[in-house]
**Student:** 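Pasting a structure below so you can have a look.
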Amino acid sequence: MSSSHSTHSHAASSSTAAPSAVRVRFAPSPTGYLHVGGARTALFNWLFARGHHGTFILRIEDTDQERSTLEAEEGLLRDMRWLGLDWDEGPGIGGPHGPYRQSERLPIYRKAVETLLSNGSAYPCFCSEEDLERKRQEAEAEHRSPHYDGTCLHLSPDEVKKRLAAGEPHVVRVHVPGKDYAVDDLVRGRVEWKTETLGDFIIMRSNGMPVYNFCVVVDDADMEITHVVRAEEHLPNTHRQLILYEALGRPIPIFAHVSLILGPDKTKLSKRHGATSVGQYKDDGFLKDAMINYLALLGWAEGVDREIYTRAELAEKFSLERINPAPAVFDQTKLAWMNGQYLRSMPVDELIKLVAPKLKTAWPGDSRFDSDEFIRKLTSLVLNHLTTLNDVVKEAKAVLDDAPAPVDEDARAAIAVPEVPALFTALRGEFATCPWNKDGFNAAIKAAGKTAGVKGKTLFMPIRVKLTGTCHGAELVGILDLLGREEILRRLN
RNA sequence: GGCCCCAUGGUGUAACCGGCUAACACGCGGCCCUCUCAAGGCCGAGAGCGGGGGUUCGAGUCCCCCUGGGGCUACCA
C-alpha cells in the first residue's frame, strides 16, 4: 500500500489559510559556538516569525549529555542576542510551553513514550547491542537492508511483562507502519519515502534517555510549532518524524529545509575555511546588521535587484518559498563589502561608540581618547579605509604613531626631491602661524609650495611622507587637523 | 551499499505557471574624481545555464538517464 501521507499542499502553505498564528523555533544543541550556518537558520526563523507577527521560540537540544555544555549554551545565547535575534519563548524568558531545555523535559518524553507504548505504536526491545551488531553484519553480508528484524515485536505480552518485571534492560522502538510517507517541503517541494527504507527505530535508550528524533517531535508538537525551518541535514529524519507525529496523534507542521553553507572549496563550511563562528565575526569587528543582511542573502533573494535591507525590511519581504534549495558558498569578500557599506552609512555617533573601546584598548592611558571629538575626527578621517571596526586601530596607528622613515621606494623617491628642504622650511613658518583649520592648511601649503617652487603631487607627497612615512593614506588636511599644530611642527623637524 | 537533496559566470542570486543579445551584486580590469590610497561614479571582461537524450514552433525553465557534489542511514544532534 502506498497511500501518500501529507497534510499540506504547496498552495495551502505559509501565508494563506493558516488560521493559527505562526510559531517557529530555532533548536540548537549546545555542543559548540554559534556557527554561521546555524545563525542563518535562526535568522530565517526569526524573519519569518517577525514578518508574520508570529512567535519565535528558542529551544536548547541538550539530550546528548556527553557533548552538551552550559558554557556552549551561554555562548549561543550571547551570540543570538548580539545578532539581535530575540526570542519570545525560551531560556531566560520562559513561556507557556516550557521548559525550553530538553534536559529538563524528561518527564514529558517519558509520558509520550507511555502513550505510544499503550496505543500499540511502540514496544520494548530487549535485544542486546551485540546481537544487533551481529545481525547488522549478517544482513550486510547477505546484501539485505540492515534494519531491525522485529524480534521483540513478536514477543508475547506475557513474556514482555515478565522480562520488564525482571528489570531486563531494554530500549523502546516505534513500529513503523507499512505505508509510504511524503512531505511537501516549502523549499524542496514534495519528498517521498518508501516504507521499506526504514526499520523500527529506537525512541528511548536503555538508560531511559529519549532520542533526538523523538524529542523534536514531542517538543514541536507540544510547543505547537507551525513551521519547522531547519537545516537540510534533517530532511531524511523527517520520515521518522512523520511517523511519530502520526503515532502521537498530533498535527504535522509545515517543513522548510534550508541547504547547507559551504566553504570556498564547496565542502561543508568548517574551521579550516577561516572564521565560522558568529562570535569570531563579532570579535573581528563586523557589524551585526551587516552580518544579518549578508546572511539573509545567502540562499534567499527577494527577486529584485537589491542588496541592502534593514532587518525590518527583511522581515517584511522574507518568504520561505523563495529560499534557494542549492547549497551556498560563504563569501567573506562580499561580507567585507557589506560591512563597509554599513560602516559608512551608519550615524557617526553610533560608530564612535563602537570604535572608542577598541582605541582605548590599543592606546591605554592616552588622554586624547578621552575626547569624543577627537575620536570622531579620527574615525571620520579613516572611515573610507575601513572594512571592519577593528581596522580603525590599524588605520589610526598609521596617522597617530610617530612617522617612520619612508617605508618603501615610492616614499623615498617622493621625499628625495631637491626642493624639499626649502619646502619644509617654508611650511614650518606657515604652519606656525596659519589658522588651524582646513582653509588655513590649504593656504599654508599653497604658499609654501610657491616659495619652494613645487605644486601638485610634488608638493603634497613629501609632506605626506614626512608626516606618515608613506605615500598612501587619509586626506592630508584631515591629518593636520587631527594631530594639531604642535605635533605637526615636531614631525616636520 | 540503500535512501534523500542539490546543480545558472570565480562567488551570492534573478529570469513569473517555457518565448529576449541570460539580469543584478561581490570580486576582477579600465576610466573619472583626486596630493596618494581608500571611498564614490562610469564602462568593461566573465555563464549560453553539469553532460546526454527527449517533449515542444520554441527549454536554463517540463520529462528521462548519466555525472558530479552533499546529507541521512547511531542506544549523535
Side-chain angles (χ1 to χ4, degrees), chain A residues 27-31 61-64 66-68 102 125 127 129 132 136 140 143-147 169-173 185 187-189 191-194 196-199 201-213 215-216 231-240 257 259-260 262 264 266-268 294 297-308 322 324-338 340-341 343-344 382-387 395 398 410-411 414 445 449 455-465 468 470-477:
Chain A
S29 56
T31 54
E61 309 219 318
D62 56 352
T63 51
D64 182 352
E66 309 274 287
R67 297 197 298 153
S68 299
Q102 288 188 328
C125 168
C127 297
E129 286 194 65
L132 258 21
R136 220 191 322 269
E140 258 177 62
H143 295 287
R144 301 192 323 263
S145 321
H147 294 151
H170 64 279
V171 300
V172 176
R173 285 183 190 272
D185 191 278
V187 346
R188 270 146 231 287
V191 182
E192 303 173 318
W193 294 273
K194 295 254 176 273
E196 59 271 18
T197 59
L198 188 62
F201 56 92
I202 293 171
I203 56 172
M204 176 117 88
R205 302 178 175 97
S206 52
N207 66 4
M209 289 295 286
V211 132
Y212 162 77
N213 274 114
C215 298
V216 232
E232 186 192 359
E233 59 194 290
H234 295 290
L235 183 54
N237 289 330
T238 309
H239 186 189
R240 296 158 195 254
H257 286 95
S259 65
L260 295 173
L262 310 178
K266 305 248 186 183
T267 65
K268 192 171 175 176
Y294 176 73
L297 262 34
L298 238 202
W300 174 82
E302 187 195 349
V304 301
D305 294 337
R306 183 175 173 189
E307 309 290 323
I308 305 293
R322 288 199 63 92
N324 190 143
V329 173
F330 192 85
D331 182 1
Q332 297 205 231
T333 311
K334 186 155 183 178
L335 204 213
W337 168 80
M338 181 88 61
Q341 295 298 304
L343 243 20
R344 262 158 243 121
V382 301
L383 184 59
N384 286 345
H385 290 249
L386 305 182
T387 290
E395 293 298 328
D410 285 349
I445 291 169
K455 59 181 179 181
K457 209 166 163 172
T458 42
L459 163 59
F460 278 84
M461 269 312 140
I463 305 174
R464 171 178 291 286
V465 170
T468 67
T470 135
C471 290
H472 309 303
E475 184 193 34
L476 190 55
V477 293

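Everything quoted here is computed from the prediction, not taken from an experiment. Computed from heavy atoms alone, side chains included, the values below leave out hydrogens, waters and symmetry copies.
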**Student:** Mind checking if His257(A) touches a base, just sugar-phosphate, or nothing, with heavy atoms under 4.0 Å?
**Tutor:** nothing
**Student:** Reckon Gly340(A) touches a base, only the sugar-phosphate, or nothing at all at heavy-atom distances under 4.0 Å?
**Tutor:** nothing
**Student:** Does any nucleotide pair with A15(B) by Watson-Crick or G-U wobble geometry, both distances under 3.5 Å, and what is it?
**Tutor:** none
**Student:** In terms of side-chain heavy atoms of Arg188(A), which of C75(B), C6(B), C72(B) is nearest?
**Tutor:**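 Nearest listed nucleotide: C6(B).
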**Student:** When you check every protein heavy atom under 4.0 Å of nucleotides 14-27 of chain B, what one-letter string (B, S, -) results, 5' to 3'?
**Tutor:** SS-------SSBSS
**Student:** Rounding to the closest angstrom, what is the interatomic distance between A47(B) and U11(B) at atom C1'?
**Tutor:**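 My reading of the C1' atoms in A47(B) and U11(B) gives 13 Å.
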**Student:** Can you identify which nucleotide, out of A77(B), C5(B), G12(B), has its nearest atom closest to the Thr63(A) side chain?
**Tutor:** A77(B)
**Student:** Among C75(B), C4(B), C35(B), find the nucleotide with the atom closest to the side chain of Lys457(A).
**Tutor:** C35(B)
**Student:** Could you tell me how far G71(B) sits from G29(B) if I compare only their P atoms? Round to whole Å.
**Tutor:**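 Approximately 35 Å lies between the P atom of G29(B) and that of G71(B).
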**Student:** Write down the atom of His257(A), the atom of Glu232(A), and the distance for their closest heavy-atom approach.
**Tutor:**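 That would be CB-CA, 4.1 Å.
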**Student:** Please give the distance between the C1' atoms of A7(B) and C66(B) as a whole number of Å.
**Tutor:** 13 Å
**Student:** Determine the contact category for Glu129(A): base if any of its heavy atoms lies under 4.0 Å from a base atom, sugar-phosphate if only primed atoms, P, OP1 or OP2 are that close, otherwise nothing.
**Tutor:**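 If one applies the 4.0 Å heavy-atom cut-off, Glu129(A) turns out to touch a base.
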**Student:** Please tell me which of the listed nucleotides, G12(B), C75(B), C37(B), lies nearest to the side chain of Val211(A)?
**Tutor:**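 That would be C75(B).
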**Student:** Counting the atoms with a prime plus P, OP1 and OP2 as sugar-phosphate, which does Val191(A) contact under 4.0 Å by heavy atoms, base, sugar-phosphate, or nothing?
**Tutor:** sugar-phosphate
**Student:** Give me the atom names and distance for the closest heavy-atom approach of Glu302(A) to Arg322(A).
**Tutor:**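 Nearest heavy atoms, Glu302(A) then Arg322(A): O-NE, 3.1 Å.
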**Student:** How far does the P atom of A45(B) sit from the matching atom of G50(B), given to the nearest Å?
**Tutor:** 23 Å
**Student:** What is the base-pairing partner of G29(B), counting Watson-Crick and G-U wobble geometry with both distances under 3.5 Å?
**Tutor:** C43(B)
**Student:** Would you classify Arg240(A) as touching base, sugar-phosphate or nothing, given that sugar-phosphate means primed atoms plus P, OP1 and OP2, and contacts are heavy atoms under 4.0 Å?
**Tutor:** sugar-phosphate
**Student:** Please list, chain by chain and in numerical order, all residues satisfying salt bridge (Lys or Arg N to Asp or Glu O under 4.0 Å) with Glu233(A), sequence neighbours excluded.
**Tutor:** none
**Student:** When rounded to the nearest Å, what value does the distance between P atoms of C62(B) and C6(B) take?
**Tutor:**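 Their P atoms lie roughly 12 Å apart.
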**Student:** Once you apply a heavy-atom cut-off of 4.0 Å, does Ser259(A) come out as touching a base, just sugar-phosphate, or nothing?
**Tutor:** nothing
**Student:** Roughly how far apart, to the nearest Å, are U56(B) and A15(B) at atom P?
**Tutor:**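 Here U56(B) and A15(B) have their P atoms 27 Å from each other.
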**Student:** Ser206(A) near the nucleic acid: base, sugar-phosphate alone, or nothing, with a heavy-atom cut-off under 4.0 Å?
**Tutor:**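 Base contact.
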**Student:** Take Asp62(A) and Asn384(A), find for each the nucleotide of RNA chain B with the closest heavy atom, and name the residue whose nucleotide sits nearer the 5' end.
**Tutor:** Asn384(A)
**Student:** Is the shortest heavy-atom distance from the side chain of Trp193(A) to the side chain of Leu198(A) under 4.5 Å?
**Tutor:** no
**Student:** Taking only the P atom of each, what is the distance from G46(B) to A22(B) in whole angstrom?
**Tutor:** 13 Å
**Student:** Would you measure the distance from the P atom in G9(B) across to the matching atom in G18(B) and give it in whole Å?
**Tutor:** 23 Å
**Student:** Find every protein N or O atom lying less than 3.5 Å from an N or O atom of nucleotides 29-34 of chain B, and list the pairs.
**Tutor:**
none

**Student:** Classify the nucleic acid contact of Leu476(A) as base, sugar-phosphate or nothing, counting any heavy atom under 4.0 Å across all strands shown.
**Tutor:**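 Result for Leu476(A) = base.
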